[in-house]
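Encoded as structure tokens, the structure appears first; notes follow it.
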Amino acid sequence: MRWRPIHRWLGLVAGALALVLGITGAVLAFDPVRDAWQSVPAAADLPVSVLAQRVSSIIPGAEEIHHLPSGAIVVYAFDAGQARASRVHPADGRVLGPYEPSALSRWLKNLHRSFLLGDAGRVAAATVALAMLLLSVSGLALMLRRMGGWRRLAGRVRGSPVQRIHAVTGRAVLAVLLLSSVTALYMSAATFDLLALGADREPEVVSGTSAQSALPPGQLPLLQGLRVAELRRLGFPSAADPTDTWNVTTVQGQGWVDRYTGRTLAWQGATSAQRIHDWAMVLHTGEGAWAWALALGIAGASIPLFWVTGLMLWWQARQHRPRIADNSPPAQADVLVFVASETGTTWGFAQALHAALVRNRRRVHTASLEHFQPGVAARQILLLAATYGEGEAPAHAARALERIARAPVTAAKFAVLGFGDRQFPAFCAFAEALDRALRVRGFASLLPLTRIHQQSAQEFALWGQALSGALGEPLALDYRPRLPPTTALTLASRQDYPGGAGEPTAILRFAWPAQHWRDRLAGRAFARFAAGDLLGVLPPGSRVPRYYSLASGWRDGFVEICVRRMPGGVCSGHLHALRPGERIDAFIRSNPGFALDGERRPVVLIGAGTGVAPLAGFIRGNARRIPMHLYYGARDPARDFYFGADLQRWLRERRLASLRTVFSRIADGGGYVQDALGRDAARLRELLSQGAVVRVCGSRPMARGVAQVLDSILGALRLNVAQLKAQDRYAEDIF
């Protein structure tokens with residue numbers, strides 16, 4: 001089932017009414033808490049007969065005793081022709097004060113139950129409850145899909161801040177929302193008589209004669225054997241009607257008692273429907289269970305947050321899906337471009353590809369992947385596919401593999417370009433499945449499968465060059481990513497190193513920019529960030545950002561990166577030319593899969609060269625002294641031992657538990673960082689058997705070598721790197 005469109009449109013359409021129900025429900029949920037604090041409950045073994053005797057002797061004209069879910073005792077009576085409701089002390093029957101439910105509370109209940117519209121409003125409220133039920137079920141299905149099943153449901157949520165807020169709060173209150181919507185539907189069915197709660201009719205009871213004297217309530221056997229804890233309501237016989245009886249309602253049912261003889265005239269047990277209704281009332285309102293009422297209040301208060309973050313996610317996806325100009329009909333196109341995107345970002349790449357091909361006078365048709373169909377005129381089929389969750393297709397393309405399996409094979413050659421994040425174990429798995437399905441079906445390959453990490457414009461440009469060669473024509477991909485607002489950062493200080501291979505390196509520290517409240521409100525303020533997030537830098541005259549891993553977090557009060565000057569590097573050259581006081585335009589891009597926020601387990605940090613920067617940031621921010629063990633590889637301690645003095649200080653401060661360094665270009669330097677891991681195999685096995693997490697940062701060959709060494713070390717534990725990744729214990733930031 002395609003849960004995402006169901007979830008999206010229910011949230012958008014029913015969201016406004018759900019906001020009303022959520023906010024009013026959150027406010028009303030505090031009534032049971034207040035009532036529980038203010039009530040004077042009866043003793044657990046107090047007989048109803050004793051309570052009734054006390055009440056009748058103190059309050060003349062008493063007509064009913066109500067035992068409220070909060071435990072309070074309320075007596076309804078007529079005094080001089082005026083109806084009164086009083087709270088009484090169960091121990092002696094004395095009046096504690098009038099019982100007057102808040103007018104605001106009554107108004108809120110009416111708004112919550114019927115939108116102040118009577119029966120029509122009750123129908124609308126029930127419809128919204130049904131929508132909330134489907135919204136909760138679809139949200140659970142999407143969460144399971146995103147997290148990779150029930151076993152990983154409680155794991156760390158990845159994604160943008162808005163995605164994390166939407167998912168984490170949803171996961172926290174999902175069960176409460178499910179119960180709330182189900183119970184609301186049940187009670188609505190009872191309200192409209194779709195469910196019969198009681199017996200078909202009350203029994204006919206015959207009272208004794210009025211010639212007899214009525215017994216005091218203290219002498220009624222049924223009331224003597226009944227405890228106040230079981231009582232719901234006790235109706236006194238009317239003084240004006242000699243044939244009237246005592247009427248008692250309990251958790252177990254309802255009974256009628258002769259006022260003259262004390263004999264129980266009839267008893268009706270509570271039906272199953274009534275018992276379910278009673279439980280539904282408690283679960284929905286929290287009455288009589290103040291702790292549960294607090295949970296309901298939190299769940300109700302979360303609905304506005306759900307709606308706002310859901311709206312933001314929908315709007316972001318809508319904004320990322322551009323309009324495709326010059327889109328040829330599929331039957332006439334010689335190039336077909338199919339797109340699979342969960343959040344819409346892949347469409348920006350598709351737009352750039354489409355425009356480049358059109359400039360080459362190619363007839364191009366670009367469409368969503370669910371419309372996959374090889375055209376008779378098509379010579380090339382290009383698929384741009386993002387992977388969602390644990391290797392799954394975006395929701396709209398869920399059946400794309402089935403369409404490919406049934407599609408007629410043509411002479412067109414295909415190429416698949418995958419988009420994903422290497423921090424996820426199933427990196428570009430859906431793109432791999434598409435490539436495999438097309439090959440199995442019999443389509444000829446134009447290019448090998450290519451994978452792009454985190455929407456990298458540079459990697460996309462490299463793929464464009466390969467495509468240009470395969471097509472035999474020049475192809476200029478002018479991809480312009482949608483960038484967040486930038487902030488001017490002022491260079492505060494710099495540390496320069498000669499570098500280990502003739503490539504100078506600098507640690508650049510920028511001042512934390514002023515954060516005006518108006519900028520925060522408008523979304524222009526520099527985002528909060530953590531070590532391991534990315535600083536996007538726009539070199540002069542370019543709209544393509546370069547990303548650098550952050551060696552600091554926002555609590556440090558500065559922005560720090562480590563930059564090696566690359567030969568011909570536009571951005572690295574610009575950064576190396578900066579002097580204190582000069583500025584750059586930059587923005588923050590979160591890197592949640594690599595972050596260590598809130599980690600309490602031991603941490604193994606493995607880095608080489610400038611890859612030590614985010615690892616240094618983790619150590620710098622380790623105020624809780626979590627055991628962190630750093631394996632650091634460089635070339636020459638005199639030329640590229642970045643953060644060396646800091647690391648020694650952090651060792652003394654116990655922010656860093658241990659440091660293993662190797663230098664590959666000096667005698668007896670220890671080789672490469674992989675060699676240091678191999679020599680420390682026993683200690684690493686012990687740390688990883690204790691649940692340690694691993695973070696690796698550096699070049700791609702280094703990361704590949706580290707993974708191979710760790711696989712050999714972990715073999716004795718029947719573990720491997722892939723399993724650590726699946727457990728969210730292993731992440732890489734590689735370049």
Which heavy atom of [X] sits nearest to which heavy atom of [Y], and what is that distance?
X	Y	answer
Trp256	Asn247	NE1-ND2, 3.0 Å
Ala340	Pro394	C-CG, 3.8 Å
Asp35	Ser70	CB-CB, 3.6 Å
Asp119	Phe192	O-CZ, 3.9 Å
Gln224	Arg227	O-NH1, 3.1 Å
Val251	Arg275	O-NH1, 4.0 Å

With the threshold set at 4.0 Å, does a side-chain nitrogen-carboxylate oxygen contact exist between Glu370 and Arg399? no
Thinking salt bridges, do Asp31 and Lys109 make one under a 4.0 Å N-O criterion? no
How long is the gap from [atom1] on [X] to [atom2] on [Y], to the nearest 0.5 Å?
X	Y	atom1	atom2	value
Tyr260	Leu215	OH	CG	10.5 Å
Glu64	Leu234	CD	CG	8.5 Å
Ile58	Ser86	CD1	OG	11.5 Å
Leu133	Ser180	CG	OG	10.5 Å
Ile73	His67	CD1	NE2	4.5 Å
Leu401	Leu369	CG	CG	8.0 Å

4.5 Å side-chain heavy-atom contact, [X] and [Y]:
X	Y	value
Asn110	Phe115	no
Leu21	His112	yes
Val339	Ser368	no
Gln373	Arg403	yes
Arg589	Gln455	yes
Ser105	Leu28	yes

Aromatic ring proximity, centroids under 6.0 angstrom, His371 and Phe338: no
If you apply the rule side chain to side chain contact (heavy atoms under 4.5 Å, CB included), what do you find for Asp278 with Arg232, and how did you get there? CA-CA 11 Å; Asp278 292 343; Arg232 295 286 180 80; 3.5 Å; yes
The single option from Val228, Leu46, Ile65 that satisfies side chain to side chain contact (heavy atoms under 4.5 Å, CB included) with Pro90 is Leu46
So, Thr261 side chain and Asp258 main chain: donor-acceptor pair closer than 3.5 Å or not? no
Could you check whether any side-chain N or O of Tyr186 sits under 3.5 Å from a backbone N or O of Ser181, counting only pairs where one atom can act as donor and the other as acceptor? no
Could you walk me through whether Arg84 and Tyr76 pass the side chain to side chain contact (heavy atoms under 4.5 Å, CB included) check? CA-CA 6 Å; Arg84 299 187 184 280; Tyr76 294 88; over 6 Å; no
